[in-house]
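Okay, structure first, notes after.
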Amino acid sequence: MFRGIRFEILEPMNQEAFSDIREVVLRGEFVELNKLLKFENLVASGGEAKQIISGGLVKVDGEVETRVRRKLFFGACVECSDTKIVIKK
């Protein structure tokens, strides 16, 4: 049925797969996901943040997150491309 197509089994991402692991300290009670991505220079603008979040390219605590203004509290872990961000208090 699928002649000529080869499939590869990819290993799940682990901590070693991230080239950049950052810690962010909260000043207030929470930070919104789109603002965190802009603050950490992972995107150039709010529009770009909205696109990658809505496109399912960002994970929060291991789950794909599509809510642009998701509130992140301390202890949350955000994954975007090859960067992992841990929210500290």
Side-chain angles (χ1 to χ4, degrees):
M1 186 170 186
F2 293 104
R3 293 183 196 145
I5 298 175
R6 296 181 67 185
F7 292 95
E8 292 182 40
I9 302 203
L10 301 175
E11 295 294 321
M13 291 183 75
N14 55 24
Q15 192 162 2
E16 290 80 34
F18 297 105
S19 65
D20 190 14
I21 299 175
R22 307 177 189 184
E23 291 184 352
V24 174
V25 178
L26 282 181
R27 288 187 181 172
E29 190 176 333
F30 65 88
V31 63
E32 293 176 354
L33 180 57
N34 61 332
K35 292 179 182 176
L36 176 70
L37 296 181
K38 287 191 303 185
F39 178 76
E40 288 297 311
N41 294 318
L42 295 176
V43 295
S45 66
E48 185 180 352
K50 183 178 179 179
Q51 282 183 328
I52 67 166
I53 295 168
S54 298
L57 300 175
V58 178
K59 289 184 177 182
V60 175
D61 296 330
E63 302 280 330
V64 174
E65 183 56 66
T66 57
R67 293 176 287 173
V68 175
R69 298 182 74 185
R70 157 99 187 249
K71 292 180 180 178
L72 302 170
F73 299 91
F74 75 94
C77 179
V78 177
E79 300 171 19
C80 181
S81 63
D82 62 346
T83 303
K84 182 176 186 176
I85 303 170
V86 179
I87 310 294
K88 299 284 183 179
K89 191 169 188 181

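In what follows, residues are counted from 1 in the order of the sequence shown. This one's a predicted model, so the numbers in the text were calculated from it and none came from an experiment.
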Query raised in the report: At their closest point, which heavy atom of S19 faces which heavy atom of D82, and how far apart are they?
Result: OG-OD2, 2.6 Å
**Report entry** Side chain proximity check, I52 to L42, heavy atoms < 4.5 angstrom
**Finding:** no
**Report entry** Verdict with supporting geometry, K38 and V43, side chain to side chain contact (heavy atoms under 4.5 Å, CB included)
**Finding:** CA-CA 5 Å; K38 287 191 303 185; V43 295; 3.7 Å; yes
Report summary line: For V24 and I85, the nearest pair of non-hydrogen atoms, with its separation, is CG2-CG2, 3.5 Å
Query raised in the report: Of the options I87, L36, I53, L33, which is the one that meets V60 in a side-chain contact (heavy atoms from CB on, under 4.5 Å)?
Result: L33
Query - Gap between atom CZ of R22 and atom NZ of K88 - 0.5 Å precision - result: 15.5 Å
Query - Shortest non-hydrogen contact between K84 and C77, atoms and distance - result: CE-SG, 3.0 Å
Report summary line: d(E32 CD, K71 NZ) to nearest 0.5 Å is 7.0 Å
Query raised in the report: side chain to side chain contact (heavy atoms under 4.5 Å, CB included) between S54 and V68: does it pass, once the steps are laid out?
Result: CA-CA 7 Å; S54 298; V68 175; 3.8 Å; yes
**Report entry** Heavy atoms of other groups near F74 CZ, more than 12 under 6.0 Å
**Finding:** no
Query raised in the report: How long is the span from the CD1 atom in I21 to the CD atom in E79, to the nearest 0.5 Å?
Result: 10.0 Å
Report task. Mind checking the NZ-CZ spacing from K35 to R70? Nearest 0.5 Å is all I need. Result -> 16.0 Å
